[in-house]
Structure formats: structure tokens, C-alpha cells
Amino acid sequence: MVKKIRPTIFQRFFRTETAGGSVLLLFGIAALALANSPLAAPYAGIWRTPLTVGIADYALSLTLHQWINDGLMAVFFLLVGLEIKRELVVGELASVRKAALPIACAIGGMIVPAVIYWIFNPIGFGGRGWGIPVATDIAFALGALALIAPGAPTGARVFLTALAIIDDMGAVLVIAIFYSQTIAWGALGVAGLLVLVLFGFNATGVRRLWPYLLVGVALWYFVHQSGVHATVAGVALAFTIPMRTRTNAAEFSREARSLLDRFNQTESGDFIVLTSRGQQEALFALQYATEGVTAPILRLEHALHKFSAFAVMPLFAAANAGVKLTLPIQHAEIAIGALVGLVLGKPLGIMAAASLAVKSGVAKLPHAVGWTSLLGYAWLAGIGFTMSLFIAMLAFDETAPVDAAKLGILAGSLAAGIAGAIVLRIASGFRNE
């Protein structure tokens with residue numbers, strides 16, 4: 001009998017992001033189609049529906065669009081924060097040697113697109129959108145990689161994932177520093193105290209998730225009221241979630257073997273667990289032991305992955321990807337800046353940084369990845385859908401510039417994906433010769 005090998009955490013992550021990218025694409029296309037159909041008015045009207053949560057003087061009233069962008073997207077940023085923390089502590093960013101290449105490429109892949117955008121928007125309010133082309137959409141990028149190059153080496157997938165995560169880290173800082181509103185210091189002070197409470201939970205060994213999530217909801221509210229964008233609360237919460245476990249691997253292995261022996265010994269003869277009290281007790285004890293050896297950060301990350309990939313991000317796409325395609329385009333310089341920043345800025349910045357890092361000896365290319373295939377992955381990093389749309393809506397208050405930015409993002413992400421596919425096909429041909 002062939003033993004089935006369970007996928008690793010990275011493999012499960014990659015598969016979820018790949019499938020989520022497909023769903024995200026479908027919702028994005030549907031939103032674009034609705035915005036350019038006779039249903040455009042009701043489509044736009046749905047997102048303006050007001051929703052109020054709370055009671056009396058403590059109620060918070062936002063439109064459905066705002067609840068998705070400020071509320072649900074905080075869940076997405078919580079997941080991003082968890083991934084960043086895990087990668088920094090035990091993952092691909094845990095050592096300087098392993099992290100050097102994706103960090104260098106991410107920095108180059110953020111600076112060059114921003115500069116290129118600024119070249120097209122040096123003056124006027126259009127310049128506020130410089131952050132639009134800086135980030136990579138991890139779901140779309142990994143989804144495109146799975147479709148275009150299903151046989152891509154593991155090192156390439158890890159590199160692209162690490163690059164996108166560092167990009168997200170940079171985008172979070174950009175949002176927090178440059179795209180927040182006038183600060184209400186009282187609310188921000190309360191938010192700061194709540195972060196200290198969360199770190200206090202961690203320091204005192206609280207491993208249950210519900211206290212963190214309960215305080216996290218309050219943290220989101222006060223960050224929202226402070227003028228700092230509410231999604232930053234998700235990242236702040238993520239960095240307080242503990243990674244320590246109640247038991248270590250060796251202790252769990254001994255306990256699990258003992259419990260499995262007890263499970264076998266208490267078999268009643270009918271092979272029905274319901275009739276054996278001893279087996280039931282062994283199972284409950286094994287469940288408790290499993291919880292003890294599973295880090296809280298891993299439990300929360302596992303719980304959020306599918307919800308984020310198949311609910312949060314598709315809803316975000318449905319609410320934000322709808323833009324009316326009309327000519328001539330108002331604020332064309334914004335659209336062109338976003339498009340060129342993603343299509344040319346990303347690969348230029350990534351390849352320049354990679355060349356500098358490798359030639360200086362600071363980093364080396366991933367196993368089985370050559371310079372041609374690296375260029376393909378760099379172009380896939382130009383798919384900037386989710387975070388780019390998000391920053392565009394923070395940068396501009398008016399509909400026309402936001403729509404122009406959306407057009408540039410959609411066209412740029414599509415062109416970057418196509419360019420990446422062509423280059424990876426060429427690189428694959430070189431390997432097969």
C-alpha cells in the first residue's frame with residue numbers, strides 16, 4: 001500500500017493562495033462586467049448601503065463598501081501579519097542568508113515602481129498615488145505561477161512567496177505612515193494601551209486565542225477612530241499572538257504514543273468508538289495534547305487562510321474592481337503611472353536588486369532558478385491587484401482618479417502576468433534543450 005504523504009505547511013499555504021487567486025480573478029471579472037453593464041447603477045448602489053453596528057451613542061455606521069475595506073480587510077492584514085511574523089521567526093526570513101535575496105528584491109521592487117509612477121505624476125494631487133505600484137498580490141502571483149509553471153522548483157515558489165510577504169510588510173508601513181488621516185491622539189492612545197494589554201497576554205503565557213481576538217476587536221475600533229487606517233490594527237494584533245507552545249515535540253510524541261496505546265487497549269470489540277468510554281477519553285486527551293503542541297499563531301493562521309482567500313478577498317474584489325471602461329480616460333497620467341510602474345518598474349527593480357545582491361556575495365539565487373526564470377518571477381511580482389487597489393482608494397478621495405488608478409492596476413497586472421508567462425515559457429524551453 002502506498003503511504004499518502006501529508007502536505008507541508010508551505011504546500012498547504014501555496015495551494016490555498018493558488019485556489020484563492022482563481023476565485024479572486026472570477027470575482028474581479030464579474031465586478032468589471034457588472035460595472036459596464038445595464039446593472040451598473042444597482043451594482044454601485046449595493047456598496048453604498050449603510051450598516052450600523054452597536055447601540056445608542058456607541059454605534060458605528062459605515063457603508064457596506066467601508067465595512068469591507070476597513071473591517072474585513074483587517075482580517076486580511078491580520079493574516080499578512082501572522083505570515084510575516086512566522087517567516088521572520090522560523091521561516092524563509094529567519095536568517096540573514098536566507099532572507100537577503102527576497103528582502104533586496106522587495107526593496108528594489110518597491111522603490112523603482114514608485115519612482116516610475118512619480119515620473120508620470122511629478123506635480124499635482126496625482127503624485128499622492130506613488131504607493132499604488134509598490135506591492136505584489138500574493139494570491140494572484142502564486143495562482144499565476146501555478147497555472148503558468150506548475151513544475152516550478154520549490155525554491156522559486158518560496159522566493160516569490162517571501163518577496164510578496166516582504167512587499168506586503170512594506171505596503172503596511174506605507175499605509176500607516178503616508179495614507180492615514182489626521183490623527184486623533186486620544187483614540188490612538190487607547191489603541192496603544194490595548195496593544196500593551198495584548199503583549200501582556202503573551203508575556204504571561206495566555207495561549208487561548210479568544211482573549212486576543214476580543215481585545216483585537218476593540219483595538220480595531222480605536223485605531224479606526226484615531227485616523228490611522230483600521231487595517232493596521234490587524235498587523236499589530238498579529239505580532240502579539242504567541243508562538244510558544246505548552247509542550248514540545250518530544251513530550252507530545254511520548255504522550256501521543258501512550259494515548260494511542262490506551263486507545264487500542266480499550267477497544268470494546270465492535271470497533272465503534274461511541275461504545276468505548278476508554279477510547280473516548282483517549283481521543284479527548286489526544287485533542288488536548290495536540291492543542292498544547294500547536295502554536296497559537298499557527299492555529300489562527302490555519303483558521304484564517306481559507307476565510308481570507310475565499311471570502312474576504314473575493315468580496316474586496318467584488319466591491320472594488322468594478323470600473324467603467326470609457327475613453328478618453330480622465331487623469332490618464334495616474335493610469336499610465338500605475339501601469340508602467342507595475343509592468344516595468346517591478347521587474348526592473350527586482351532584477352537590479354537581485355544582480356547587486358548576488359554579485360556582492362550577500363545572497364545567491366534559489367536552487368534550479370536561473371536569471372531568465374528569475375525575470376519571469378519578477379514580472380509575476382508586477383501583479384499588484386489587491387493591495388494596489390487598496391492604496392489607490394486611500395490616496396484619492398474622488399471617483400475619477402480612483403477609476404483611472406483602477407484601470408492602470410488592472411491593465412498593468414494583466415500585462416505583467418502575460419509577460420511573466422512568456423518569459424517562464426522561454427526559460428522552460430532553455431531547460432528542456
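These values consider heavy atoms only, across backbone and side chains, with no hydrogens, waters or symmetry-generated copies.
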Would you check if [X] and [Y] make a side-chain contact, meaning some heavy-atom pair closer than 4.5 Å?
{"X": "Pro347", "Y": "Leu375", "answer": "yes"}
{"X": "Thr231", "Y": "Asp70", "answer": "no"}
{"X": "Trp371", "Y": "Val358", "answer": "yes"}
{"X": "Phe77", "Y": "Val232", "answer": "no"}
{"X": "Leu410", "Y": "Val323", "answer": "yes"}
{"X": "Leu342", "Y": "Ile383", "answer": "no"}
{"X": "Leu60", "Y": "Leu62", "answer": "yes"}
{"X": "Ile175", "Y": "Phe390", "answer": "yes"}

For the residue pair [X] and [Y], what are the closest heavy atoms and their distance?
{"X": "Ala156", "Y": "Val369", "value": "CB-CG2, 3.9 Å"}
{"X": "Ala378", "Y": "Ile350", "value": "CB-CG2, 3.7 Å"}
{"X": "Ala338", "Y": "Tyr117", "value": "N-CD1, 3.5 Å"}
{"X": "Ser388", "Y": "Ile132", "value": "OG-O, 2.7 Å"}
{"X": "Pro133", "Y": "Ala114", "value": "CG-N, 4.4 Å"}
{"X": "Trp67", "Y": "Leu51", "value": "NE1-O, 2.9 Å"}

Quiz item: Relative to each other, are the rings of Phe201 and Tyr212 parallel, tilted or perpendicular (30° and 60° limits)?
Solution: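 Phe201 vs Tyr212 ring planes: perpendicular.
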
Can you check whether [Y]'s main-chain N or O pairs, donor with acceptor, with [X]'s side chain at less than 3.5 Å?
{"X": "Glu267", "Y": "Asn264", "answer": "no"}
{"X": "Lys406", "Y": "Leu389", "answer": "no"}
{"X": "Ser360", "Y": "Leu356", "answer": "yes"}
{"X": "Lys346", "Y": "Gly109", "answer": "yes"}
{"X": "Thr266", "Y": "Gln279", "answer": "yes"}

[X] [atom1] to [Y] [atom2] distance, which is reported to the nearest 0.5 Å:
{"X": "Ile68", "Y": "Phe316", "atom1": "CD1", "atom2": "CZ", "result": "9.5 Å"}
{"X": "Ser308", "Y": "Glu83", "atom1": "OG", "atom2": "CD", "result": "8.0 Å"}
{"X": "Leu32", "Y": "Ile29", "atom1": "CG", "atom2": "CD1", "result": "8.0 Å"}
{"X": "Ile409", "Y": "Met387", "atom1": "CD1", "atom2": "CE", "result": "12.0 Å"}

Quiz item: Within 45° of the six-membered ring axis of Phe252 and under 6.0 Å from that ring's centre, is NZ or CZ of Arg246 located there?
Solution: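 Verdict for Phe252: no cation-pi partner in Arg246.
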
Exercise. State whether a side-chain donor-acceptor pair under 3.5 Å links Asn202 with Thr240.
Key: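 On atom types as modelled, these side chains do not qualify, holding no pair under 3.5 Å.
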
Quiz prompt | Donor-acceptor side-chain pairing of Ser268 and Ser276 below 3.5 angstrom | solution =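 Result is no, nothing qualifies.
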
